[in-house]
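In what follows, a single structure is set out as structure tokens and then discussed.
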Amino acid sequence: MSAATFPDGFLWGGALAANQSEGAYREGGKGLTTVDMIPHGPARLPVKLGQEKRFTLRDDEFYPSHQAIDFYHRYKEDIALMAEMGFSVFRTSIAWSRLYPKGDELTPNPEGIAFYHAVFSECRKYGIEPLVTLCHFDVPMHLVTEYGSWRNRKMVEFFTRYARTCFEAFDGLVKYWLTFNEINILLHSPFSGAGLVFEPGENQDQVKYQATHHELIASALATRIAHEVNPDNQVGCMLAGGNFYPWSCKPEDVWAALEKDRENLFFIDVQARGAYPSYSARVFREKGVHIEMQDGDAEILKNTVDFVSFSYYASRCASAEMNEHNSSAANIVKSLTNPHITRSEWGWGIDPLGLRITMNMMYDRYQKPLFLVENGLGARDEINANGEIDDDYRISYLREHIRAMGDAIDDGIPVIGYTTWGCIDLVAASTGEMSKRYGFVYVDRDDLGNGTLERRKKKSFAWYQKVIASNGQDL
Ligand code: BG6
């Protein structure tokens, strides 16, 4: 199969996120965020799901985000490695609580601004375009405890103040922005996604969709502000992507898959098309959800994004008989296990053609440029006797997905770029493990925080360097 042609100027690179890489969780004036409260081990899941209040840190728990991979102190070394691979784009996020430690202050913390100024300038030094997410799974904890996080409309004010600060402080350094990482994860992992914690007996759907409305308003306002500050700014939404396949051609299964897709696409329907989709009134009625809106909200939502970004790890699968027992939450969103595809060590499906399918569906639906900002294989890596890491499995996963993305481009879809997830090993969001590695660069650290944090190139490092140098031709 010949490789598809990637357009000139196609952005190649990788992605990290503040909450999984920076560490330094109390340095530089940073406040605590949701991720800082999520421990490693069995207590992790109930906290992530918002089923358990953990508003204080415990001495007997290990919190992987506190040190993470220490990008805060090692960003120069890490960005130099990215430059060596030939990156033209690096995706990361700003930790909201470095700029606004509590979240509701009126003025930002200068140390936080100085840190990101230095990071983005370092990227520019190498000609690397930063792609920056404003909120990647890290709501300031003070906003959770004092305001109930996104269930409260006041969050719109706090977030837009923070967003304006970012657009103004980093104007000229950052052009590509994302508002909320995987915004649909709010439904599936409400505390890590949006800082939501539930009271016993309340209608969780009501809370989730009211919070969703606030995030959608905040995202639309941030988009407007970004364009006001600099008309060259490009703002994207971000979907945890992957189409649902029907389990069979039984009409009920096809309908179930369509409904499951809508559950996630609802967010992007609003952010990319500027209004609540036609099906939403019926869905809210069935869930007993009533969304409080304010005059002018419909106008605000018309501030649509410039491009649609998404993560893709695997496709999903649904049937009319799908339930708690026959589905599992590989990649956070629950799915039936598709027998036609293989799986990673963590049970996540491997389906490159699903990427082409997903991209075609999204472009058909939104008619906006796409940006694939997360993709990769979480795998255990071994250092061999020669001190090398032969991660051929990772190369093979990425090669097949780059091919599929190339096919989607050949289908006529405009694609801005591609950032592989965890280009340098980082803490896994779902499990908090370090052993679930995605990187071209190995980081010496284990699941309990032992290790020197030394960086080491894997075999995939040189492979990706070659892919970038050939603009996707030499896979
Ligand atoms: C996405 C997130 O859900 O998937 C990342 O945006 C996350 O933060 C990535 O790390 C991979 O998931 P995991 O659980 O393997 O880290």
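A quick note: this is a predicted structure, and the numbers were derived from the prediction, not measured. Note that ligands are numbered from 1 as they come in the structure, with each ligand's atoms numbered from 1 the same way. Numbering starts at 1 and runs along the sequence shown. Keep in mind that the numbers below use all heavy atoms, side chains included, and drop hydrogens, waters and symmetry copies.
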Criterion side chain to side chain contact (heavy atoms under 4.5 Å, CB included) against Phe191, the qualifying member of Leu49, Ile38, Leu196: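 When side chain to side chain contact (heavy atoms under 4.5 Å, CB included) is applied between Phe191 and each of Leu49, Ile38, Leu196, only Ile38 qualifies.
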What atoms in ligand 1 come closer than 4.0 Å to a heavy atom of [X]?
{"X": "Lys436", "value": "13 (P), 14 (O), 15 (O)"}
{"X": "Glu182", "value": "1 (C), 2 (C), 3 (O), 6 (O)"}
{"X": "Tyr313", "value": "4 (O), 9 (C), 11 (C)"}
{"X": "Ala429", "value": "7 (C), 8 (O), 10 (O), 13 (P), 14 (O), 16 (O)"}
{"X": "Glu374", "value": "1 (C), 2 (C), 4 (O), 5 (C), 6 (O), 9 (C)"}
{"X": "Ser430", "value": "13 (P), 14 (O)"}

Check this for me - ligand 1, Tyr438, N or O atoms closer than 3.5 angstrom, yes or no? yes
Any side-chain donor paired with an acceptor under 3.5 Å for [X] and [Y]?
{"X": "Glu454", "Y": "Thr452", "result": "no"}
{"X": "Ser435", "Y": "Asp447", "result": "yes"}
{"X": "Asp411", "Y": "Tyr363", "result": "no"}

Quick one: does Met238 get a heavy atom under 4.0 Å from ligand 1?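 The answer is no, since Met238 has no heavy atom less than 4.0 Å from ligand 1.
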Looking at Val427, is its backbone amide N or carbonyl O close enough to the side chain of Arg445 to form a donor-acceptor pair, meaning the two atoms are under 3.5 Å apart? no
Proximity of [X] to ligand 1 by residue part, where a heavy atom lies under 4.0 Å:
{"X": "Tyr312", "result": "neither"}
{"X": "Trp346", "result": "neither"}
{"X": "Asn19", "result": "neither"}

Identify the residue among Trp96, Phe180, Trp421 that makes a ring pair (Phe, Tyr, Trp, His ring centres under 6.0 Å) with His136. Trp421
From atom 8 (O) of ligand 1, work out which of Gln20, Glu433, Arg437, His188 has a heavy atom at the shortest distance. Gln20
What do you reckon, are the aromatic ring centroids of Phe115 and Tyr75 less than 6.0 Å apart?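 Centroid distance Phe115-Tyr75: below 6.0 Å, so yes.
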Would you find more than 12 non-hydrogen atoms of other residues, nucleotides or ligands less than 6.0 Å from Lys76 atom NZ? no
